[in-house]
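Take a look at the structure below.
Chain naming here is simple, since letters A, B, ... match the order of the sequence lines and numbering starts at 1 in each.
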Amino acid sequence: MIVVEGLAKSFGRRGEVKAVDGVSLTAADGAITGLLGPNGAGKTTLLRMLATLVVPDAGRASVDGIDVARDPHAVRRRIGVLSDARGLYLRLTGRENIRYYGALHGLAGAALAARIDRLLDTLGIGPIADRPAQGYSQGERMKVAIARALVHDPAAILLDEPTNGLDIMSTRALRALLSSLAAEGKCLLFSSHVMQEVAALCGSIVILGHGRVVATGTAPELIARSGQATLEEAFVQLLGSGEGLVA
Amino acid sequence: MSTLSGARIATIARKEMVDTFRDRRTMLVMFLTAIAAGPILLLLVLNLAASQAEKARELRLPVAGREHAPALIAFLERQQVTILPAPGGFEERIRKGELDVVLDIDAAFGADVAQGKAGTVRLVYDRSRDRARASIDQAEALLRAYGREWGRGRLLLRGVAPQVGLPLTIEARDLATPQSQGSLVLFLVAFYGLFAAVVGGMAAALDTTAGERERASLEPLLTTPALPLELATGKWLAVCALNALAVLVTLSGFYLTLRFAPLPTIGIPFLFGIAEFARFVVVLVPLILLIPAILVWFGCRGRTFKEAQSNVSLLLFAISILPVVQMFMQRKEPDWLGWVPVSAQYALLTRALRGEALPALELAQSYAVPALLTAGALLLVARLLSRESVVTGSR
């Protein structure tokens, strides 16, 4: 379970750029929570704070009750992160990339090998796993990055725009994987600027705009509240303008 | 707080080494600089020295106007000089480097001498050519000797003791041991030994740091439980291993080169045997460990490989210029230089090459500062990696 209370972060010399400005939200276990917002809404910064990469200016955030600022190391053990930057080691094979992260999480031997095999199988990248990552397609790289983030079977999973650059088949496979992870009881927090995706996948949706929470609820709730016909129109209406979609 | 995990450090170091070994470009650059730069250059210098020694032993001197001074020619021939007729346009040929030195005897030589004036001979050469220097010096020395002998004969004829005209006797005592001769070769071996320790890990260091940032694999790495100091240490160890490899390859190159080089012809019973090899390694250990730490720190500060590379090139220039300055230093080195990294190592390397044993105290002295700097650099790297700016890209 991820709990965020009044989280804030500014950048710039005098903190003039308020990337995240007092965000509160809860992502429950066994569910996929969607962070929906236009580019620049603060999704990546929020996820980076949860991933302990960026220290909040104010507010608090915790993963399974552990504060991200107070004990980042314990949080890192518990989370799997598909960050905004998701570079692989191109001279290593996909399997070696995943194994490296498993070893850093303290896994080893047969348990690690079995875990990697299962992930490769689930993601359908077994056949390419022993080739250098250099030759991978965009989708294959993404899948290896996802497997890498899940290798230690984390309780909470943070995904920053995971479907970016994926084709339809890969997107569907990813959705199925995320749903099954939620069914296992994991807590998934997932950012996107693609409406349909969030509507299809997320039980609970948090709409972000200019670093603030604009609305929270399920897709039908949000549509009902806005009085619009579709989530997209609800989104535009809730943000107060069409600017987010253009930006 | 969590404690450092040796297993994780080993995991990081192992991964970085595998990654670098698969990088053909990095490995190629490393081995080319290690093998080509040092030993091959050394081989060229040795050959040059050998051919110069050859030249000095049997001087072949083209002479123009030999008929004007038959006594001088006879003297030179008695000194084992091969007299050749000077070809036409010899000045041009000297300028082009085809001839080293030509003796031009003045047409009025005989007449001048007969009138009791000094006879004129001209030695034509281009002193900017290192290759020609041995021949020039020898020809000059022979002409001076002839002049002295002649003068002495005249004084004797007039009943004057030769000492009257030569009040000063110069006795030269050369204190160079056979091994301390050939200082250029000495310098080269020490310099490239150092050079290998400095540049050996460079490409790998930048690739594991700035390269990691550039290919966007640093951010996900920082979300793993690996602590910043573990990352710093693991990466540093991997670079150290490669650096040590570069040094060993270079030293092996020297070992082989100097075994098969024509050393006896130059007159240097120069030794680079197993003992010198081992002493080199012992002297270079602090640099093998220190330089990667500094390079990793520099690399972490660069957001791209290119940026880091330009930062590092200045550092490398400063480091590699130190031994050159030391070589040209005229006075004995001041004592505090024994504390300065690179300088201390260079001084110890030249001593090892002269066949001296390494005093334990000075060796310990040369280890002290690099050890502190290495630890300091690693802590700086860890601090840098724990900053959020390393992910967000802001300064």
side-chain contact (heavy atoms from CB on, under 4.5 Å) between B/D207 and A/R91, intermediate numbers included: CA-CA 12 Å; B/D207 192 66; A/R91 292 184 291 267; 2.6 Å; yes
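To the nearest 0.5 Å, the span separating OG1 on A/T52 from CG on B/L222 amounts to 8.5 Å. Taken to the nearest 0.5 Å, the CG atom of A/L104 stands 11.5 Å off from the CD1 atom of B/I9. The CD atom of B/E219 lies 8.0 Å from the OG1 atom of A/T44; values are rounded to the nearest 0.5 Å. Between the CZ atom in B/R22 and the CD atom in A/E96 there is a gap of 4.0 Å [rounded to 0.5 Å].
Atom CD of A/E5 is surrounded by more than 12 heavy atoms from other residues, nucleotides or ligands within 6.0 Å. Heavy atoms from other residues, nucleotides or ligands lying under 6.0 Å from CE of A/M1 number 12 at most.
Heavy-atom distances place no part of B/L218 under 4.5 Å from chain A, backbone and side chain included. Neither the backbone nor the side chain of A/R13 comes within less than 4.5 Å of any heavy atom in chain B. The contact between B/A226 and chain A is made by backbone and side chain atoms together, counting heavy-atom distances below 4.5 Å. The contact between B/E212 and chain A is made entirely by side chain atoms (from C-beta outward), counting heavy-atom distances below 4.5 Å. For A/L92, the parts lying near chain B are the backbone and the side chain together; criterion is any non-hydrogen pair under 4.5 Å. For A/R148, the part lying under 4.5 angstrom from a heavy atom of chain B is the side chain only.
Minimum interatomic distance between B/T223 and A/A51 (heavy atoms only, all atoms of both residues): CG2-CB, 4.1 Å. Closest approach of B/P220 and A/A85 over heavy atoms only: CD-O, 3.4 Å. Between A/Y89 and B/S217, the closest heavy-atom pair is CE2-OG, 3.5 Å.
For the set B/T20, B/V18, B/I12, the count of heavy-atom pairs under 4.5 angstrom toward chain A peaks at B/I12.
Here the side chains of A/L53 and B/E388 are not in contact, with every heavy-atom distance at 4.5 Å or above. With contacts defined as side-chain heavy-atom distances shorter than 4.5 Å, the pair A/R99/B/T11 does not qualify. Here the side chains of B/R215 and A/L88 are not in contact, with every heavy-atom distance at 4.5 Å or above. Between A/Y100 and B/T224 there is no side-chain heavy-atom pair separated by less than 4.5 Å.
With hydrogens and angles disregarded, no donor-acceptor distance shorter than 3.5 Å links the side chain of A/H105 to the backbone of B/P225.
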